[in-house]
Amino acid sequence: MSGFALFASTSVLLALLYLFVQLRYLKSWEQLPDNTAPPFFLPQSSISILVPARNEAATIGVCLESLRTQHYPGHLFEIIVIDDHSTDETSRIVQSYPDVQCIPLSEHLPAQAPINSYKKEALDLGVRLAKNELIVCTDADCIASPNWLRHIACSFESKHTLHMLTGPVLVNKKSGFIRAFQAMDFIGMMAITAAGYPLGWHQMGNGANLAYRKSSYLAVGGFNNIKSRASGDDLFLLEKMEVHFPGGIQFLKSNQAVVCTRPEPDLKSFFLQRLRWGSKNSALRSLPIRLILLLVLVFSIATLAALIYLLFNPGWKLLALTMFLLFAKTAADTILLRSSARFWNTSIKPLNLVFGSCFHTLYICLTGLSSLLVRNYSWKGRNVR
């Protein structure tokens with residue numbers, strides 16, 4: 001078999017595997033029931049909301065307003081902001097809200113402490129100081145839907161064997177391709193996150209919309225033994241919870257329990273964010289998710305390699321192969337994205353679907369390979385790994 005034939009057959013196989021995985025995700029996503037709380041539900045759970053914040057003066061005010069105005073009994077929840085050595089006006093803004101607690105991490109952990117994950121330390125401090133059993137976490141640059149707490153409480157009160165709940169996080173739509181791509185990417189990630197649970201392939205979540213019982217957190221030792229990486233305050237804790245409480249994690253599929261976050265403003269900040277996320281992938285214990293991530297990376301590399309080779313060595317066979325790979329990628333992504341977008345009451349422009357799928361191929365190659373090679377990076381003024 002010639003080199004081209006081997007490359008072509010391998011690439012086609014990867015494309016078919018990718019399409020198969022996406023179709024399985026689609027079926028699982030669409031079969032997952034809507035977890036929206038019934039209108040007559042009266043919450044009883046006492047909740048502690050944790051918001052770790054570092055230099056978030058531009059967004060913390062809007063975030064806190066969305067939390068303070070939740071459609072939830074005011075006496076049943078508290079808001080705790082853990083200020084992670086902010087050098088801007090974050091602390092002052094938080095302290096201007098009399099019903100919000102502001103806890104300086106600096107009083108418990110020096111700014112130059114020899115650790116790698118200050119966010120995990122901030123969350124751990126918040127959990128231990130929280131007075132309520134149900135812990136709900138979000139980020140300081142996020143806006144929570146008005147019924148967010150209500151739907152979280154309903155899930156825990158209706159299922160006493162539930163130990164952790166992951167919820168939907170979407171990106172606010174803004175102009176510009178990079179921002180539009182991030183909104184589309186999150187729509188796809190939410191479908192994959194939700195679908196992975198019933199499939200038994202993985203337990204995924206986003207720290208901007210995460211809830212768990214305080215007793216469960218303490219039972220697994222919190223973030224102990226998983227603080228070696230700056231990222232992963234969500235996935236590593238999910239893995240620990242699943243080991244100790246098999247079947248005790250679920251995804252909250254409800255378009256009324258969404259937390260919205262800001263898109264990264266430019267290509268550089270987007271790349272650094274995804275590099276930070278990708279840095280934890282090699283440490284994930286779940287074999288299925290590691291295999292799926294590997295499939296996506298290798299398929300993306302094969303597609304990009306075919307495109308680059310075509311530019312320098314044009315030929316109808318290579319053109320046909322490249323077009324097939326791009327079509328398979330776009331088609332597989334589109335069917336899942338459209339289904340997910342309908343549920344979240346949004347839409348995606350056809351051109352964004354096409355260009356977004358192509359850009360996804362490129363960025364997966366860049367961030368995937370970079371995360372394997374780059375061990376240290378800068379995030380919010382700190383050098384971490």
Side-chain angles (χ1 to χ4, degrees), residues 37 41-54 56-57 59-86 90-109 118-157 160 162-167 169 205-219 222-223 233-234 237 252 256-261:
F41 171 69
L42 296 176
Q44 304 294 322
S45 299
S46 295
I47 296 174
S48 293
I49 306 175
L50 304 185
V51 186
R54 174 174 169 80
E56 297 287 0
T59 60
I60 189 68
V62 178
C63 173
L64 293 179
E65 287 296 337
S66 75
L67 301 181
R68 297 171 68 243
T69 56
Q70 285 287 301
H71 297 168
Y72 201 83
H75 67 283
L76 288 181
F77 74 96
E78 64 174 352
I79 304 172
I80 302 174
V81 176
I82 308 94
D83 179 28
D84 179 9
H85 305 91
S86 294
T90 297
S91 179
R92 185 190 63 78
I93 294 172
V94 175
Q95 290 171 1
S96 69
Y97 292 90
D99 54 347
V100 177
Q101 300 179 53
C102 183
I103 302 173
L105 185 61
S106 58
E107 294 183 359
H108 303 266
L109 191 70
Y118 282 84
K119 185 177 181 181
K120 294 187 183 73
E121 296 288 353
L123 287 169
D124 186 67
L125 176 62
V127 172
R128 296 180 187 281
L129 295 179
K131 67 181 182 181
N132 298 318
E133 166 66 3
L134 187 53
I135 305 295
V136 178
C137 303
T138 191
D139 290 338
D141 61 349
C142 293
I143 299 174
S145 301
N147 288 304
W148 179 52
L149 290 184
R150 190 169 178 272
H151 289 81
I152 290 175
C154 183
S155 293
F156 279 95
E157 291 181 24
H160 297 293
L162 181 64
H163 293 271
M164 176 176 269
L165 186 70
T166 68
V169 179
N206 190 309
N209 195 350
L210 197 65
Y212 42 84
R213 301 183 193 275
K214 181 175 181 177
S215 56
S216 303
Y217 175 89
L218 296 176
F223 293 111
D233 53 280
D234 38 30
L237 185 59
L252 176 54
Q256 296 186 43
V258 173
V259 167
C260 288
T261 187

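Note that the numbering runs from 1 along the sequence shown for the chain.
Listed by first and then second residue, the salt bridge (Lys or Arg N to Asp or Glu O under 4.0 Å) pairs that reach into residues 122-133 are D124-R128, sequence neighbours excluded.
Here the closest non-hydrogen pair linking D84 and R54 is O-NH1, 3.2 Å. Nearest heavy atom pair, residue R213 against residue L162, reads NE-O, 2.6 Å. Of all heavy-atom pairs between Y118 and L105, the closest is O-CD2, 3.9 Å. V259 and C142 get closest at one heavy-atom pair: CG1-CB, 3.4 Å. Residue N147 comes nearest to Q256 through the heavy atom pair ND2-OE1, 3.6 Å, listed as atom of the first residue, atom of the second, then distance.
Take D139 and apply the salt bridge (charged side-chain N to carboxylate O under 4.0 Å, His left out) test, not counting sequence neighbours, and it matches K119. Qualifying side-chain contact (heavy atoms from CB on, under 4.5 Å) partners for Q44, counting only residues two or more places apart in sequence or in other chains: L42, E157. Annotation: side chain to side chain donor-acceptor pair (under 3.5 Å) contacts of Y97 (sequence neighbours excluded): E65. Residues forming a side chain to side chain donor-acceptor pair (under 3.5 Å) with S91 (at least two apart in sequence, or on another chain): Q95. In this view, Q70 satisfies the side chain to side chain donor-acceptor pair (under 3.5 Å) rule with no residue, not counting sequence neighbours. Residues satisfying the side chain to side chain donor-acceptor pair (under 3.5 Å) test with S86, not counting sequence neighbours, are D83. With sequence neighbours left out, the ring-ring contact (aromatic ring centres under 6.0 Å, His included) criterion links H163 to F245. Legend: residues meeting ring-ring contact (aromatic ring centres under 6.0 Å, His included) with F223, ordered by chain and number and at least two apart, are Y217. With sequence neighbours left out, the side-chain contact (heavy atoms from CB on, under 4.5 Å) criterion links C154 to A37, P38, F41. N206 pairs by the side-chain contact (heavy atoms from CB on, under 4.5 Å) definition with V169, F186, A208, not counting sequence neighbours. A search for side-chain contact (heavy atoms from CB on, under 4.5 Å) contacts involving S46 returns L76, N132, not counting sequence neighbours.
Distance CD1/I93 to OG1/T59: 8.5 Å, rounded to 0.5 Å.
A side-chain donor-acceptor contact under 3.5 Å links N209 to the backbone of A257.
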